[in-house]
Structures are given as structure tokens and as C-alpha cells.
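All ligand and atom numbering here is 1-based and tracks the order in the structure. All figures in this text were calculated on a predicted structure; none of them were measured in a lab. What you see below is based on every heavy atom in this structure, not just the backbone, and it leaves out hydrogens, waters and symmetry mates. Sequence positions, counted from 1, serve as the residue numbers for this chain.
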Amino acid sequence: MKVLVIGSGGREHAIVDTLAQNKTIEKMYAAPGNGGMREVAELVPVPADDVGVLLDFARRERIDLTFVGPEVPLSLGVVDVFRKAGLKIVGPTAGQARLESSKSFAKQFFRTHGIPTADFRECATASDAYRLLEDARFPVVLKADGLAAGKGVTIAATRDEARDAVKRVMEDKSLGEAGSKLLVEEFLDGEEASFHVFADGTDFQPMVVSQDHKRRFDGDAGPNTGGMGATSTNDILSPELRKRVIDTIIRPTLDGAKTFGGILYAGLMLTAAGPKIIEYNVRFGDPETQVILPRLKTDLLDILWDMAEHRLASRSLEWQDAPAAAVTLVVKEYPGKVPAGKRISGLADAKQVPGVRIYHAGTRFEDGHYYTNGGRVLNVTATGTTLSQALDRAYAAAAMIEFEGKDYRKDIGQKGLARWK
Ligand code: AMP
Ligand code: GLY
């Protein structure tokens, strides 16, 4: 069995590492992969969004199964192209990926299917948006329609802030085409949770719930990032709320998006009026994957194969009760422009901390050493019998790793710990 994983982040390292536990895989490839993934997969120097070259590679190497990590190749139709060529690939088609790649499509979809979400209006021009802001309630949420790598959302506390955001996105085109339409959305108050499911086109299986830490600095201050850390524990949602999410959000979505196959990740806001959907992603979250997969007891390749063969219903998934936590080590300038090529030390010692796994993100391996190669550098993940133990382990390992400009949030999991008090 030969497997190809497309992508290069901490998410993809966690996927490759989990797949590697299956001994029927003779060869695993990662395109383009990162420094850490080379320990378990052969790196293929093809960018994740170069669909044509990926197809040539998969044909030439006779890849048995391909799994796609990031959203961009999905929205470019990598699944459509591979399937047309008769290759097995797990993920949604480009049409289905619009649930993530167009926020306006997603919001219309929620409305059509009666899925609880924030009220919204769509604006095609800046003057429409300015007019709408005249009698909006604040804070208000402004969202660029297209994919903007986490930079498309502004939560404006005042009318002036909101007007600035409209000018930036619609008049100055700071996000390019992604900002050609703008959604003006009701602000939802509550705790956020990431709800992932495996879907095979007919049936689905939920995963354990997780929480991201999107803001750059402690206390949820500073700009939004790709994610600065995550936790996964069984108590994020009560069994009743979990059922409510499945019945009011997940099932109506999959009934509406007929034949959706792949990973569906619902970004939820747990409001006083019940769980509401903020947005869908059509792929695994990063860094959520780094805390979900260490808790999965069922073989991941078996699940992916079932998804490809549309027989997920026959499998029951097993998860560890043990909580997991991940701390993302970044270069201090992140999410701004970061320098690359700083030598990383301490990885071997950090890996020895019980329960710890290290998933690389922006790293490169050269002449026997790892170097930084991006803003998010490493994810230090740990499991433990309690969340507090998982966090202590992750932070102990994080402290052993060094590179110039290393920075990380010191408050990952604090909301989760507060639930125990
Ligand atoms: P997104 O890029 O859609 O994931 O949004 C980024 C973040 O903005 C979310 O994780 C939330 O923290 C916040 N956000 C988005 N929409 C809303 C909303 N309607 N109310 C409150 N916060 C929101
Ligand atoms: N952790 C947020 C995301 O993957 O979109």
C-alpha cells in the first residue's frame, strides 16, 4: 500500500505520524511535507496547490490512496481531478469545498437548510456596506467572502472600526478577490468549539471535540492567527449538547450537501441560545488535528479506506478518554513576516517527556539539523490522565526546545481547566 498526504503543516505531520502506525503501508509520501515528516514519509517537492503535477506523481508512483490536508487544493478540485483519472482520494469535490471557500455560499446554505447561525446580510459594494452599518448593532462582524487564510474576519466594536474594515477590504482590496463580497454578520457571544466528523458521502462518524486558541497573545488578545494551541477533552460538550450539534447542525448539513465525502469541521459558538455554526471547513483543523488524532484508537488508514469505499457506517470508532493539549511554538513576529533559517535545538530531549509527541509545521531539515521555515514552527502535543497533566507535559517539553525568536502562549487550556473549578 502506497499513501500520499498533501500538505506541509503540523496537521499533516500528525496525519502522517498516525497513519504510520499501520504496518500495511509500505511507503508514505508527503507533498511537499516538512522537516519532521521526513522521519516517516518521503518528501515530494511539489507545492500542495499544483494539482496537475500531483496527479502526474500519483499516477507514476501508483499511489493507492491520497489524503488532502489543506483547503486550497480541495477548492482547486484536486479530488475531482484524481477521481477522473481513476485514483482513490479522500476529500470533498471543488463544488462541496465551497462550504469553506465561499462564506456567502455557506451562509445561504445554512439559511436554506434551517441550520442555526448568526444573522447576516451580504454586500456587493462598499456603499451597500456603509449603508448597512448606519443602523447596525455593535460589535458587528465583517467577513470577506473568499479564502483569506484566517485574515478575512474583523470584529468591529464601533462604527468607525467597521467603516475602516469595509474600506480596507472593499475599496483598497487588501485581500484581493476574496474581498469582492462582504458579509455583515451578527456578533455571537460564547465559547467556541471545533466539531469534526469523518464523512463518506452517505454516513458520518463524529470525532472527539476540541478547542483552538486563535488569538496571538495570552488572554485572547492580539490578532487572529492560524491557531496558537488546542485542547481536546470529553467535557467541552455535554452528551446532550453533542447530540444537539449532531441533530441541528451536522446532520442537516450532510443531508443538504448530498454525497459530501471527507472531513467536515464545524466551527461552533456555544451561545446561551444553543450551539450555532460560525463556519464550516472541509478539512481537518490545524492545530486541532494535533490533539484529536493522539486520542484516536481506531486505525486511521482503516477509517480513510472506509471513507473511500463508502462503508463508514459499519465501523465504530474508539477514542481514548485521556485529554490532549498542543502548544504551538512560533517565531515571535508571527503572524507578521518572519525570518527563516534559525537552528532548532532540544527536540530529542523534549520528545522524552512522557506522553509528548512533537509535530513539525514550519521546519526544514539540512545537514543533520532542523531549521525554522515559517511562522508556526512546532506543535508540542501531550496526552495525560488529566488536562492539567497534559498541559504540564506539553509546557515542560516546550521549554526544552530553543530557536532564536521562539515564542508561545502560556495560557493554552486555561478555559478548559476552569471548567473543573
Ligand atoms: P473564521 O475566519 O470564520 O473562522 O472566523 C475567525 C474567528 O472570528 C472565529 O473563530 C470567531 O472567533 C470569530 N467570529 C467569526 N464570526 C463570528 C460571529 N458571528 N460572532 C462572534 N465571533 C465570530
Ligand atoms: N484552527 C483553525 C483552522 O484550522 O481553520
Side-chain angles (χ1 to χ4, degrees), residues 7 9-12 14-15 68-72 74-75 97 99-107 110 115-121 136-157 162 165 169 175 178-179 182-196 207 209-216 220-232 263-273 275-293 326-328 330 335 359 361 375-376 379 409 412 415:
R11 162 183 57 206
E12 287 78 15
I15 292 165
V68 190
E71 60 276 22
V72 172
L74 293 169
S75 69
L99 268 182
E100 172 166 359
S101 63
S102 167
K103 290 189 193 290
S104 128
F105 173 83
K107 293 296 282 192
F110 301 151
I115 297 166
T117 190
D119 275 344
F120 72 100
R121 297 281 291 277
R137 276 207 289 169
F138 294 88
V140 76
V141 182
L142 301 166
K143 294 188 177 177
D145 177 48
L147 289 177
K151 299 186 186 83
V153 176
T154 304
I155 299 179
V169 173
L175 302 170
L182 193 75
L183 300 180
V184 178
E185 202 173 285
E186 168 200 12
F187 175 79
L188 298 177
D189 202 12
E191 208 176 311
E192 286 182 64
S194 302
F195 197 104
H196 289 66
M207 304 187 205
V209 181
S210 53
Q211 284 183 311
D212 189 8
H213 294 63
K214 282 207 169 79
R215 299 295 196 100
R216 174 63 177 81
D220 290 334
N224 263 333
T225 68
M228 292 293 297
T231 57
S232 176
I263 308 297
L264 186 68
Y265 150 17
L268 303 176
M269 188 69 88
L270 308 175
T271 75
K276 295 193 179 184
I277 177 94
I278 300 178
E279 58 155 7
Y280 269 119
N281 297 302
V282 296
R283 43 136 186 116
F284 269 118
D286 185 344
E288 288 94 325
T289 308
Q290 292 90 303
V291 290
I292 293 173
L293 291 183
V327 176
T328 304
V330 301
Y359 296 126
R376 289 198 289 178
N379 301 272
R409 274 180 65 164
I412 302 303
K415 282 188 192 148

Can you tell me if G285 contacts ligand 2 (heavy atom of the residue under 4.0 Å from the ligand)? yes
For E186, the ligand 1 atoms with a heavy-atom partner under 4.0 Å come out as 18 (C), 19 (N), 20 (N)
In terms of heavy-atom contacts, F195 and L268 come closest through CB-CD1, 3.9 Å
Taking every heavy atom of G227 against every heavy atom of D212, the minimum-distance pair comes out as CA-OD1, 3.5 Å
Task: SB check K276 D119 (cutoff 4.0 Å) - done: no
For E185, the ligand 1 atoms with a heavy-atom partner under 4.0 Å come out as 16 (N), 18 (C), 19 (N)
task: Determine, step by step, whether I412 and T231 satisfy the side chain to side chain contact (heavy atoms under 4.5 Å, CB included) criterion, reporting the C-alpha distance in whole Å, the side-chain angles of both residues, the deciding distance to 0.1 Å, and the verdict.
output: CA-CA 8 Å; I412 302 303; T231 57; 4.2 Å; yes
Under 4.0 Å from one or more heavy atoms of M269, ligand 1 contributes atoms 21 (C), 22 (N)
Verify, without hydrogens or angle tests, whether S232 (side chain) and V209 (backbone) share a donor-acceptor contact under 3.5 angstrom.
yes
**Prompt:** Does G226 come within less than 4.0 Å of ligand 2, judged by its heavy atoms?
**Reply:** yes
Numbered in order shown, the ligand 1 atoms found under 4.0 Å of a heavy atom of K143 are 3 (O), 15 (C), 16 (N)
Honestly, for R283 the part within reach of ligand 2 (heavy atoms, under 4.0 Å) is side chain
Item to check | Ion pair R283/E100, N-O distance below 4.0 Å | outcome: yes
Review point. Would you say ligand 2 has an N or O under 3.5 Å from any N or O of D286?
Key: yes
If we number the atoms of ligand 2 from 1 as shown, the ones under 4.0 Å from a heavy atom of D212 are 1 (N), 2 (C)
Next on the checklist: Between H196 and M207 (side chain of the first, backbone of the second, donor and acceptor by atom type, cut-off under 3.5 Å), is there such a pair?
Outcome noted: no
Under 4.0 Å between heavy atoms, the region of R11 that gets near ligand 2 turns out to be neither
K103 heavy atoms within 4.0 Å reach ligand 1 at atoms 1 (P), 2 (O), 3 (O)
Inset, instruction - Check the pair K143, K107 against side chain to side chain contact (heavy atoms under 4.5 Å, CB included), reporting the backbone distance first and the verdict last. - result: CA-CA 11 Å; K143 294 188 177 177; K107 293 296 282 192; 5.8 Å; no
Next on the checklist: Run V169 and L182 through side chain to side chain contact (heavy atoms under 4.5 Å, CB included) and show every step you take.
Outcome noted: CA-CA 8 Å; V169 173; L182 193 75; 4.0 Å; yes
Looking only at non-hydrogen atoms, the one of L188, I155, V140, N281 nearest atom 14 (N) of ligand 1 is I155
For F187, the atoms of ligand 1 under 4.0 Å from one of its heavy atoms are 20 (N), 21 (C)
Within 4.0 Å of some non-hydrogen atom of K214, the atoms of ligand 1 are 10 (O)
